[in-house]
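Scope of the values below: all heavy atoms of this structure, side chains included, with no hydrogens, waters or symmetry mates. Lettering of chains follows the sequences in order, A, B, ..., and the numbering in each one begins at 1.
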Number of protein chains: 2
Amino acid sequence: MDSSPKPERTRLTAEDWEVAALQLIADQGVGALAVEALARQLGVTKGSFYWHFRTREALLQAALERWEQYGENEVLGQIEQIADPRQRLPELFRRVAHELQPHRVYAALLKALDHPLVVPVMARVSQRRTEFLHTAYREAGLPPREALNRARLTYAAYVGFLQLNFTLGLPRINHEEFDGYVEHMIATLIPA
Amino acid sequence: MDSSPKPERTRLTAEDWEVAALQLIADQGVGALAVEALARQLGVTKGSFYWHFRTREALLQAALERWEQYGENEVLGQIEQIADPRQRLPELFRRVAHELQPHRVYAALLKALDHPLVVPVMARVSQRRTEFLHTAYREAGLPPREALNRARLTYAAYVGFLQLNFTLGLPRINHEEFDGYVEHMIATLIPA
DNA sequence: AGCAATCCATACTCATCCGTATGGACAAGT
DNA sequence: ACTTGTCCATACGGATGAGTATGGATTGCT
């Protein structure tokens, strides 16, 4: 009857499995990445999975690569286009603070640093982001050495924030108080 | 021959299992906490375990309680005895930075925030430590609101640091550079 | 229409790990 | 010496989840 109006009941591709895997990772963590569960969620069975991937770890590998490639420039790309270097860091802070959605996978991966496959990925991503902060701080006027330490400190604060307020449900800070916290971060971490 | 010179080949107690569990958690994470593995490590079998504990989760629960109670005042207790409030925070920073051993369990638990049993424990511990920082910052001269935000920022930096440099093996910063980072933290986070 | 490649369902095997059942070893009390 | 309570070994049952084997369904190509 209908050729392909809805994406339902269509054959699946490897990409479909990868994005579904990332979704599941963001929701329930890497440990919950089971093939039968994913298959049920996609409306198929294991038979489908093992045609597209050789093993469970192969899917995780592919999903991580996809996340590392396509999910990277979501925030950083926009920031680089801000002309005034002194405006970049405050703007970066505010955007990261209010667009917590893209950070859910990162937060989930932070809890899976046991797994050998995620460690190198997180190492590369963290390294790149820290370097981004490093140059941003230099352009803001800090001497190189101090800029590097400040970048490390800032990124550590970011990571810790994710753990404490995202994963953990700490005292559920409300919106106004949260904005106050962000502005406090900007005031203490960014040179005037 | 010998009644009890070596602790080897002696009957085990519940405490033995709990400290062994914490050791295993620090080394390989909460996910690696399996009763048969622990039993092998202790030189016994499952039969011993299920005499002392009703279930695997009971052991985890007991181990977490033990850690929360006895492992808490290792650092904070000493700090409170420092007379000058202005000296407390720098000293706290330096000690925490150089005594990373007691923080291995905390780092491991940070990666197990999926588990329902560890979430409330980590919430309480993080809450208490943040409050400790809060009062420390007030005693250092910051107004209450700013002191609270600074405490949150500091603790987030601590948590993020554990994740990045402890769990993850980031560029393996050397000793001198690390000391430089700690001093930079002190300079930027602690009011003069 | 007919063929071949692609995609998936069904039905297994196998390993792991929690928990149980039961009997034996060892200590202490009487 | 005999019993009793404590601690542990051995041997099982059962659930879960990865991976395999194989045939059926669907699509694209000619």
Side-chain angles (χ1 to χ4, degrees), chain A residues 1-25 27-64 108 112 114-118, chain B residues 1-25 27-64 108 112 114-118:
Chain A
M1 306 303 178
D2 43 12
S3 54
S4 64
K6 305 172 185 177
E8 300 192 28
R9 201 39 48 193
T10 299
R11 320 281 275 273
L12 294 179
T13 167
E15 288 192 18
D16 296 330
W17 286 95
E18 296 172 9
V19 301
L22 285 176
Q23 182 66 39
L24 199 154
I25 288 175
D27 289 340
Q28 308 184 33
V30 176
L33 184 60
V35 310
E36 304 201 41
L38 246 188
R40 275 194 302 272
Q41 184 178 314
L42 287 174
V44 291
T45 64
K46 301 165 52 168
S48 171
F49 176 83
Y50 284 100
W51 192 92
H52 294 284
F53 297 93
R54 213 174 57 79
T55 172
R56 191 202 96 124
E57 299 234 309
L59 169 66
L60 178 57
Q61 179 101 39
L64 291 177
D114 317 69
H115 201 107
L117 283 180
V118 318
Chain B
M1 307 305 173
D2 44 13
S3 54
S4 64
K6 305 174 184 177
E8 300 192 29
R9 199 41 46 194
T10 299
R11 319 280 275 270
L12 293 179
T13 168
E15 289 192 18
D16 296 330
W17 285 96
E18 296 172 8
V19 301
L22 285 176
Q23 181 66 40
L24 199 154
I25 288 174
D27 289 339
Q28 308 182 34
V30 177
L33 184 60
V35 308
E36 306 201 42
L38 244 189
R40 275 193 301 273
Q41 183 179 314
L42 288 175
V44 292
T45 64
K46 301 166 48 168
S48 172
F49 176 83
Y50 284 99
W51 193 91
H52 294 284
F53 297 93
R54 215 175 56 78
T55 171
R56 191 203 94 124
E57 300 235 310
L59 170 65
L60 179 57
Q61 180 101 38
L64 290 177
D114 317 69
H115 200 108
L117 283 181
V118 317

Colleague: To check you understand the geometry: which heavy-atom pair defines the closest contact between A:Val118 and A:Ala112, and what is its length?
Modeller: CG2-O, 2.8 Å
Colleague: Summarise how protein sits on nucleotides 22-28 of chain C as a single string, 5' to 3': B when a protein heavy atom is under 4.0 Å from the base, S for sugar-phosphate-only contact, - for no contact.
Modeller: -------
Colleague: For B:Glu36, enumerate each residue passing the salt bridge (Lys or Arg N to Asp or Glu O under 4.0 Å) test, keeping only those at least two apart in sequence or located in another chain.
Modeller: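 With neighbours one apart ignored, the set is B:Lys46.
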Colleague: Separation of B:Glu36 atom CD from D:dC8 atom C1', in whole Å?
Modeller: 15 Å
Colleague: Where is the tightest heavy-atom contact between B:Trp17 and B:Ser48, given as atom of each residue plus distance?
Modeller: CZ2-OG, 3.5 Å
Colleague: Whole Å only: how far is the CG atom of A:Leu38 from the P atom of D:dG19?
Modeller: 14 Å
Colleague: Considering non-hydrogen atoms only, spot the tightest contact between B:Gly29 and A:Asp114 and give its length.
Modeller: CA-OD2, 4.1 Å
Colleague: Can you tell me the distance, in whole Å, between the CZ atom of B:Arg40 and the C1' atom of C:dC18?
Modeller: 14 Å
Colleague: To the nearest 0.5 angstrom, please state how far the CG atom of B:Leu38 sits from the CD atom of B:Glu18.
Modeller: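 Nearest 0.5 Å value for the CG-CD distance: 11.5 Å.
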Colleague: For residues 49-57 of chain B, run the donor-acceptor check on the side chains, cut-off 3.5 Å, and write out each pair with its distance to 0.1 Å, sequence neighbours left out.
Modeller:
| residue | atom | partner | partner atom | Å |
| --- | --- | --- | --- | --- |
| B:His52 | NE2 | B:Leu12 | O | 3.3 |
| B:Arg56 | NH1 | B:Leu33 | O | 2.5 |
| B:Glu57 | OE2 | B:His115 | NE2 | 3.1 |

Colleague: Can you tell if the side chain of A:Asp27 reaches within under 4.5 Å of the side chain of A:Gln23, non-hydrogen atoms only?
Modeller: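 Sidechains of A:Gln23 and A:Asp27: in contact.
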Colleague: Show the nearest heavy-atom pair for residues A:Ala20 and A:Gln41, with the distance to one decimal.
Modeller: O-NE2, 4.5 Å
Colleague: I'd like to check the side chain to side chain contact (heavy atoms under 4.5 Å, CB included) partners of A:Ala34; sequence neighbours left out, ordered by chain and number.
Modeller: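 With neighbours one apart ignored, the set is A:Ala37.
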Colleague: Could you list by number each residue of residues 46-59 of chain A showing a heavy-atom separation from DNA chain C of less than 4.0 Å, or answer none if no residue does?
Modeller: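 Under 4.0 Å from DNA chain C: A:Gly47, A:Ser48, A:Trp51, A:His52.
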Colleague: So if I take residues 27-34 of chain B and measure heavy-atom distances to DNA chain D, which residues fall below 4.0 Å?
Modeller: none
Colleague: So, using salt bridge (Lys or Arg N to Asp or Glu O under 4.0 Å) as the criterion, who are the partners of A:Glu15 when residues are at least two apart?
Modeller: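 Partners of A:Glu15 by the salt bridge (Lys or Arg N to Asp or Glu O under 4.0 Å) criterion, ordered by chain and then number, come out as A:Arg66.
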Colleague: Using the C1' atoms of the five pairs at each end, what is the angle between the end axes of the helix from C:dG19-D:dC12 to C:dT30-D:dA1, to 10°?
Modeller: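 Taking the rotation axis at each end, their angle is 20°.
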Colleague: What pairs with B:Asp16 under salt bridge (Lys or Arg N to Asp or Glu O under 4.0 Å), at least two apart in sequence or on another chain?
Modeller: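 Partners of B:Asp16 under the salt bridge (Lys or Arg N to Asp or Glu O under 4.0 Å) test: none.
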Colleague: Given side chains that start at C-beta, do those of B:Ile25 and B:Leu60 come closer than 4.5 Å, heavy atoms only?
Modeller: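 Yes, at least one pair of side-chain atoms sits under 4.5 Å.
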